[in-house]
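Chain letters run A, B, ... following the sequence lines, proteins first, then strands; residues in each count from 1.
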Protein chains: 2
Amino acid sequence: MNDTFKALSDPTRRQIIQLLKERDLSAGEIANHFSISKPSISHHLNILKNARLIQDERQGQSIVYSLNTTVIQEALGWFLNMIGSKGEQ
Amino acid sequence: MNDTFKALSDPTRRQIIQLLKERDLSAGEIANHFSISKPSISHHLNILKNARLIQDERQGQSIVYSLNTTVIQEALGWFLNMIGSKGEQ
DNA sequence: ACTATATTTAGATGTTTATCTAAATATCGA
DNA sequence: TCGATATTTAGATAAACATCTAAATATAGT
């Protein structure tokens, strides 16, 4: 759970997740949306992957990333719990 | 929004929010739940306050903190959007 | 006004993090 | 197998962050 929140604490990584919400993208396609270097994007992708927020699959020369909504749902649960009635859970 | 996620990325701060979900607490009462120093807790409270996740009110010698669920609801919205159907919004 | 209690501010320190460039690895097509 | 393309790994650096102790501020009660 901590890995999830840590991963989501960076704006670049949240934007990557938003991009992947639209459609699966290769590492290069993701990098093209940003003005930071490819190695930096690769680093962010790795953090998201370790948090299991995204998954990757090689397709020929490219590595294609996709969203894992399961983990996002878990984080959503945390927020729902915080908003639930006092003392509940 | 970034302040919200940054604030929630620390486990101590998430725990503080969970404590305040149960009931309002003074800074000292909050600090008693942790093994870190009072100034460190004060620092965390300040970060949560700047993110508007909590609010404070002086009551005599104490300063009592309470949750602001409005901002939590905004963050919840981000997650709901991520889970919504592809391309939506 | 003085003392005790509650909390924050100031300043220092070690760790983590985001970023970069350069080099390494992997795949594809000719 | 060679050259081009795609991505990651390695190593360095500067900024951000969590924590500490000591000192400052604020309130309350006597």
(message) side-chain contact (heavy atoms from CB on, under 4.5 Å) for B:Q15 and B:F34? Distances and angles first, verdict last.
(response) CA-CA 10 Å; B:Q15 235 180 299; B:F34 299 90; 3.8 Å; yes
Can you tabulate the close N/O pairs, meaning under 3.5 Å, that link protein atoms to atoms of nucleotides 12-17 of chain D?
none

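- The closest donor-acceptor contact from the side chain of B:R14 to the backbone of B:L8 lies under 3.5 Å.
- In this structure, B:H44 atom NE2 and C:dT9 atom P are separated by 15 Å, rounded to whole Å.
- For the atom pair CG (B:L45) and CD1 (B:I54), the distance works out to 5.0 Å, reported to the nearest 0.5 Å.
- In this pair, B:F5 and B:W78 present their aromatic rings perpendicular. The plane angle is above 60°, beyond the 30 to 60° band.
- With values rounded to the nearest 0.5 angstrom, B:L48 atom CG is found 10.0 Å from B:T12 atom OG1.
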(message) Please encode protein proximity along nucleotides 20-30 of chain C as a string of B, S and -, counting only heavy-atom distances under 4.0 Å.
(response) BBB----BS--
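- In this structure, the CG atom of B:D56 is 14 Å from the C1' atom of C:dA6, given to the nearest Å.
- Counting only distance, with no hydrogens or angles, the side chain of B:R23 and the backbone of A:K86 share no donor-acceptor pair below 3.5 Å.
- Here the P atom of nucleotide C:dT17 and the CZ atom of A:F5 are 16 Å apart, to the nearest Å.
- Checked by atom type and distance alone, the side chain of A:K21 pairs as donor or acceptor with a backbone atom of B:N81 at under 3.5 Å.
- Within the nucleic acid shown, A:Y65 comes within 4.0 Å of sugar-phosphate atoms alone, with no base atom in reach, counting heavy atoms only.
- As a whole-Å value, the separation of B:N46 CG from D:dT25 P is 17 Å.
- In this structure, B:L25 CG and B:L19 CG are separated by 6.0 Å, a value rounded to the nearest 0.5 Å.
- If you check the side chains of A:E88 and A:S85, you find a donor sitting under 3.5 Å from an acceptor.
- As rounded to whole Å, 17 Å separates atom C1' of D:dC20 from atom CZ of B:F34.
- Residue A:L8 contributes atom CG, which lies 14 Å from atom P of C:dT17 at whole-angstrom precision.
- Remark: P of C:dA18 and CG of A:L48 are 10 Å apart, rounded to the nearest angstrom.
- Separating the CG atom of A:L45 from the C1' atom of D:dT8 is a distance of 10 Å, rounded to the nearest angstrom.
- Listed nucleotides: C:dT19, D:dT19, D:dT8. Nearest to the side chain of B:T12: D:dT19.
- Near-neighbour residues of DNA chain C inside residues 21-33 of chain A, defined by a heavy atom below 4.0 Å, are absent.
- Atom CD in A:Q55 sits 10.0 Å away from atom CG in A:L20 (nearest 0.5 Å).
- Between B:E74 and B:R52, the closest heavy-atom pair is OE2-NH2, 4.4 Å.
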